[in-house]
Engineer: 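Structure provided below as structure tokens; questions to follow.
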2 protein chains.
Amino acid sequence: MSRATERPRRVEYSESTRAALVESAITLFTERGYARASLDEITGRARVTKGALYHHFGGKRALFEAAFEAVEIGVVTRLSDVMPGENDPWEELRAGLDAFLRVCLEAPFQRIVAQEGPVVLGYQRWYDLGERYTFGLVRASVQRLVSTGRIEGTMSVDVLARVIFGGLASGAATIAGSDDPNRTSVEVGEALERLLRGLRDG
Amino acid sequence: MSRATERPRRVEYSESTRAALVESAITLFTERGYARASLDEITGRARVTKGALYHHFGGKRALFEAAFEAVEIGVVTRLSDVMPGENDPWEELRAGLDAFLRVCLEAPFQRIVAQEGPVVLGYQRWYDLGERYTFGLVRASVQRLVSTGRIEGTMSVDVLARVIFGGLASGAATIAGSDDPNRTSVEVGEALERLLRGLRDG
DNA sequence: AGCTCGTACATACCGGCGGTATGGTGAAGC
DNA sequence: GCTTCACCATACCGCCGGTATGTACGAGCT
């Protein structure tokens, strides 16, 4: 099925093999989902065998987690650029929102992070990992709003951030499932802005 | 593995068998998730074999869909009771919110409908099914707010409902994953109310 | 130079599970 | 009493995740 006869990958060094596996995993998990993407297919695309996979990773779940983190890191890097954390919190939230909606148009984030993440990794693991990446940004942003007194009353920052993040994710899914993603993206942005406005004082 | 020696279920009529399969599926899908719940286990619990399953359903996916619908119907029935659609839209939305948060404390809805639904059935199928059940209620509720002029400006009702539903679902997941569900349930309710308040006029 | 040893894979194989093909059984209808 | 069909059991297949084992190869020591 998946021989590596012609020019084996091993000659190109170990890190490259690991990276190729992660990249192949991202592609196939995105295309067919976790369950329908077989390891033979993933390793075959990376021009290795299961031996290489189980040398670098603990199993299919661990490979998914590596793919998950790779996608998240890419997203967080881009989002951090437009949210330096020095300007007006509301302005940055809005800038981050725009950038996030663009990210939501990309299939890997939609499928691996938002949709299958909590199911494959388990909710708790997904929660813990997300804390360090995209959700962490949302949470930090909300935290700054609260700590600078822009949101009246006392409220659990974590829970509020969770609910907002859910709205974002659902908006992401709506965009991804739409037959006119660009138009829907604008509509989602409007809806989210209206909802967030309710948090302001007075 | 899963014999049905002692008092075969068949004598109790076909509909009972089908119902037993659905109930068993709900239980095991909730406990272990879709992937880790085997058909032998599900049929064994219902005191039948795979022959019965594949007579009543097209396969594992179809069985999951039946379980999905069974859970949704139960939830919608209860939610409809507190939302007769005759009182003030904002009042009903709030009443529906309370009822929904209680539903979110129940594992079957959390796991089968909110979490694994979109993954197992595919997002499009999940979207179409949800239209007829829980999400349909949210959508109708938002629709009434807009058509009675309680929300200013023009906005896509469907998208807005989607985003709100995402917030609800995320709140559901947060509650389910919390170590103190009752307390978290209150916090989620507060956060959602604050967000929804932003939709009001003036 | 030769030997050892750990890394970095490939190969072969197993068990479980979803799905299918086939057989059996009892009630209903002609 | 014969057929027919719904209803289900049994047996079996193929795929896939996981494991066990073998092997090429460079580093380091002697």
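Quick note on labels: first sequence line is chain A, next is B, and so on, each numbered from 1. Computed from a predicted model, the values in this text were never measured in an experiment.
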Engineer: Bend angle of the helix from dA1(C)-dT30(D) to dC30(C)-dG1(D) from five-pair axes at both ends, rounded to 10°?
Structural biologist: 10°
Engineer: Just how far, in rounded Å, is C1' of dT7(C) from CZ of R18(A)?
Structural biologist: 15 Å
Engineer: I'd like to know if E69(A) and R132(A) make a salt bridge, using a cut-off of under 4.0 Å between side-chain N and carboxylate O.
Structural biologist: yes
Engineer: S38(B) side chain: which of dG18(D), dG18(C), dA9(D) is closest?
Structural biologist: dG18(C)
Engineer: Looking at CG of N182(A) and CG of L101(A), how far apart are the two atoms once the value is rounded to the nearest 0.5 Å?
Structural biologist: 11.5 Å
Engineer: Using atom CD of E41(B) as one end and atom P of dC17(C) as the other, report the distance to the nearest whole Å.
Structural biologist: 8 Å
Engineer: Nearest whole angstrom, please: distance from the P of dC15(D) to the CG of D40(A).
Structural biologist: 11 Å
Engineer: Provide, to the nearest angstrom, the distance between the CZ atom belonging to R47(A) and the C1' atom belonging to dA10(C).
Structural biologist: 16 Å
Engineer: Let me know the distance between CG of L28(B) and C1' of dG18(C), rounded to the nearest Å.
Structural biologist: 16 Å
Engineer: Mind checking salt bridge (Lys or Arg N to Asp or Glu O under 4.0 Å) for D128(A) and listing every partner two or more places apart, or none if nothing turns up?
Structural biologist: none
Engineer: Do any of residues 115-124 of chain A sit with a heavy atom less than 4.0 Å from DNA chain C, and if so which?
Structural biologist: none
Engineer: Under a 4.0 Å threshold between the charged nitrogen and the carboxylate oxygen, would E92(B) count as salt-bridged to R144(B)?
Structural biologist: yes
Engineer: Going by heavy atoms closer than 4.0 Å, what residues in residues 52-69 of chain B are next to DNA chain D?
Structural biologist: A52(B), H55(B), H56(B)
Engineer: Is E31(B) salt-bridged to R111(B), cutoff N-O under 4.0 Å?
Structural biologist: no
Engineer: Looking at R78(A) and E106(A), is there a salt bridge between them, counting it only when a charged N and a carboxylate O are closer than 4.0 Å?
Structural biologist: yes
Engineer: Counting only side-chain N and O atoms of T17(A), is one of them less than 4.0 Å from OP1 or OP2 of dC9(C)?
Structural biologist: yes
Engineer: Can you tell me how far C1' of dG19(C) sits from CG of L39(B), to the nearest Å?
Structural biologist: 9 Å
Engineer: Contact class for A37(A) vs. all strands (heavy atom < 4.0 Å): base, sugar-phosphate, or nothing?
Structural biologist: sugar-phosphate
Engineer: Does a side-chain N-to-carboxylate-O contact under 4.0 Å join E41(B) and R36(B)?
Structural biologist: no
Engineer: Do the ring planes of F135(A) and F165(A) sit parallel (below 30°), tilted (30 to 60°) or perpendicular (above 60°)?
Structural biologist: perpendicular
Engineer: Nearest of dA10(C), dC16(D), dA8(C) to any side-chain atom of S14(A)?
Structural biologist: dA8(C)
Engineer: Rounded to the nearest Å, what distance is computed from the NZ atom of residue K50(A) to the C1' atom of nucleotide dG22(D)?
Structural biologist: 16 Å
Engineer: Measure from CZ on F29(A) to P on dC16(D) and round the result to the nearest Å.
Structural biologist: 13 Å
Engineer: Looking at residues at least two apart in the chain, or sitting in another chain, which of them share a salt bridge (Lys or Arg N to Asp or Glu O under 4.0 Å) with R102(B)?
Structural biologist: none
Engineer: Determine whether the aromatic ring centres of residues Y34(A) and F68(A) are separated by less than 6.0 angstrom.
Structural biologist: no
Engineer: May I ask you to decide whether R125(B) forms a salt bridge with E65(B), counting only side-chain N to carboxylate O separations under 4.0 Å?
Structural biologist: yes
Engineer: Run the side-chain hydrogen bond (donor to acceptor under 3.5 Å, both in side chains) test against Y127(B) and tell me which residues pass, sequence neighbours left out.
Structural biologist: D158(B)
